[in-house]
Asks: 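Before I ask anything, here is the structure I am working with.
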Amino acid sequence: MNENLFTSFATPTMMGLPIVILIIMFPSILFPSSNRLINNRLISIQQWLVQLTSKQMMAIHNNKGQTWTLMLMSLILFIGSTNLLGLLPHSFTPTTQLSMNLGMAIPLWAGTVFMGFRHKTKAALAHFLPQGTPIFLIPMLVIIETISLFIQPMALAVRLTANITAGHLLIHLIGGATLALMDISPSTALITFIILILLTILEFAVAMIQAYVFTLLVSLYLHDNT
């Protein structure tokens with residue numbers, strides 16, 4: 001196979017113009033809203049899952065933190081839907097781009113940190129220096145805690161990018177191996193095809209889990225600062 005392994009991660013273009021914005025906007029049509037008194041089964045299941053997730057994720061927050069409910073629910077739906085759409089053939093997964101994940105992680109992290117410094121200034125500053133620290137360790141601990149604070153959005157973005165990219169690469173490699181083995185050894189190709197199916201099922205679970213983990217970590221950052 002002469003195809004570049006990372007071709008599927010390149011930003012798609014149409015007539016020389018990137019169409020990634022249209023791809024990002026596409027998942028929003030998968031969550032229709034209904035004005036009827038009695039919803040159909042699809043919308044009812046959708047609303048039940050959103051309510052279940054929001055109750056579980058926002059239960060630890062106070063009234064100030066619960067004002068972020070709509071934003072966090074929109075975030076988990078967006079990441080989960082883009083991850084799942086990326087598993088379709090000849091598709092593009094925006095969450096494999098580190099720049100996009102940083103674009104989501106940095107503003108959300110910065111919002112929680114600024115909220116903490118605004119409403120809980122003493123508690124936010126206390127995180128930089130634990131109580132009872134020896135005097136000679138104070139400068140080192142302040143530097144370490146500051147670095148760990150600024151690493152949080154990078155960790156959010158890298159975790160999501162690495163997990164989604166690794167799964168897509170494995171599917172690409174095993175799919176290519178299956179095609180190559182069909183003419184050489186059909187029995188071995190059948191085995192690799194079964195592995196490919198199992199891996200695809202696993203990636204569906206990973207797509208949803210990573211969306212939940214990303215949103216949950218943002219929620220925990222919010223909890224620490226409200």
Side-chain angles (χ1 to χ4, degrees), residues 4-13 18-21 23-28 53 56-58 60-61 65 68 71-88 91-117 124 127-128 140-175 199-226:
N4 187 355
L5 189 61
F6 295 93
T7 301
S8 59
F9 302 111
T11 304
T13 58
I19 57 173
V20 66
I21 296 178
I23 297 174
I24 292 174
M25 293 173 60
F26 177 73
S28 61
T53 305
Q56 182 179 2
M57 189 172 296
M58 307 306 294
I60 60 175
H61 292 281
W68 285 51
M71 182 183 296
L72 294 180
M73 290 301 102
S74 301
L75 179 67
I76 191 172
L77 289 174
F78 170 73
I79 298 177
S81 58
T82 51
N83 289 346
L84 291 176
L85 287 176
L87 293 174
L88 298 176
S91 60
F92 172 72
T93 312
T95 48
T96 57
Q97 306 295 316
L98 182 60
S99 58
M100 176 178 169
N101 295 335
L102 283 173
M104 293 188 295
I106 292 177
L108 292 170
W109 166 83
T112 60
V113 172
F114 289 154
M115 182 177 290
F117 278 105
H127 289 161
F128 293 94
M140 184 180 300
L141 278 179
V142 171
I143 294 174
I144 292 174
E145 291 297 328
T146 303
I147 294 174
S148 66
L149 178 66
F150 283 96
I151 284 178
Q152 288 178 352
M154 180 64 71
L156 273 177
V158 170
R159 179 185 294 107
L160 179 59
T161 305
N163 282 281
I164 301 302
T165 303
H168 283 57
L169 286 176
L170 279 175
I171 291 176
H172 183 81
L173 289 172
I174 296 178
L199 180 61
T200 304
I201 296 173
L202 177 63
E203 282 305 307
F204 272 95
V206 170
M208 300 305 299
I209 291 172
Q210 288 305 314
Y212 180 78
V213 169
F214 189 97
T215 311
L216 179 62
L217 289 175
V218 174
S219 176
L220 292 177
Y221 296 155
L222 177 65
H223 175 66
D224 293 338
N225 290 282
T226 54

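Computed from heavy atoms alone, side chains included, the values below leave out hydrogens, waters and symmetry copies.
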Asks: Taking atom CD1 of I174 and atom CG of L199, what is their separation to the nearest 0.5 Å?
Replies: 5.0 Å

Asks: List the residues meeting side-chain contact (heavy atoms from CB on, under 4.5 Å) with N163, not counting sequence neighbours, and say none if there are none.
Replies: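 R159, Q210.
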
Asks: Using residues 145-158 as the side-chain source, report each donor-acceptor pair under 3.5 Å to any protein atom, sequence neighbours left out, with the distance given to one decimal.
Replies:
unit_1: T146; atom_1: OG1; unit_2: V142; atom_2: O; d: 2.6
unit_1: S148; atom_1: OG; unit_2: I144; atom_2: O; d: 3.4
unit_1: S148; atom_1: OG; unit_2: E145; atom_2: O; d: 2.7
unit_1: Q152; atom_1: OE1; unit_2: W109; atom_2: NE1; d: 3.1

Asks: Report the distance from atom CG of L77 to atom CG of L72, rounding to the nearest 0.5 Å.
Replies: 11.0 Å

Asks: Looking only at atom types and distance, does a side-chain atom of T165 sit under 3.5 Å from a main-chain N or O of A162, one as donor and one as acceptor?
Replies: no

Asks: Check whether any side-chain heavy atom of M115 sits under 4.5 Å from a side-chain heavy atom of T112, and report yes or no.
Replies: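 No, every pair of side-chain atoms sits at 4.5 Å or beyond.
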
Asks: What pairs of donor and acceptor atoms, side-chain ones from residues 212-223 against any protein atom, are under 3.5 angstrom apart with sequence neighbours left out?
Replies:
unit_1: T215; atom_1: OG1; unit_2: A211; atom_2: O; d: 2.9
unit_1: S219; atom_1: OG; unit_2: H61; atom_2: NE2; d: 2.6
unit_1: H223; atom_1: ND1; unit_2: I60; atom_2: O; d: 3.2

Asks: For T95, check side chain to side chain donor-acceptor pair (under 3.5 Å) against everything at least two apart and list the hits.
Replies: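 If we apply the side chain to side chain donor-acceptor pair (under 3.5 Å) test to T95, skipping adjacent residues, the hits are N83.
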
Asks: Should L87 and I171 count as side-chain neighbours, where that means a heavy-atom distance under 4.5 Å?
Replies: yes

Asks: So, for L84 and A207, which heavy atoms are closest and what is the spacing to 0.1 Å?
Replies: CD2-CB, 3.9 Å

Asks: Residues two or more places apart in sequence or in another chain: which of them pass side chain to side chain donor-acceptor pair (under 3.5 Å) with T161?
Replies: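 Listed in chain order: N101.
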
Asks: Would you give the length of the straight line joining atom CE of M73 to atom CE of M57, rounded to the nearest 0.5 angstrom?
Replies: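 Going from CE on M73 over to CE on M57, the span is 4.5 Å.
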
Asks: Do H168 and T93 pair up side chain to side chain, a donor and an acceptor below 3.5 Å, judged on atom types alone?
Replies: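 On atom types as modelled, these side chains qualify, holding a pair under 3.5 Å.
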
Asks: Can you tell me how far the CG atom of L160 sits from the CE atom of M104, to the nearest 0.5 Å?
Replies: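 Answer for the CG-CE pair, L160 versus M104, is 5.5 Å.
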
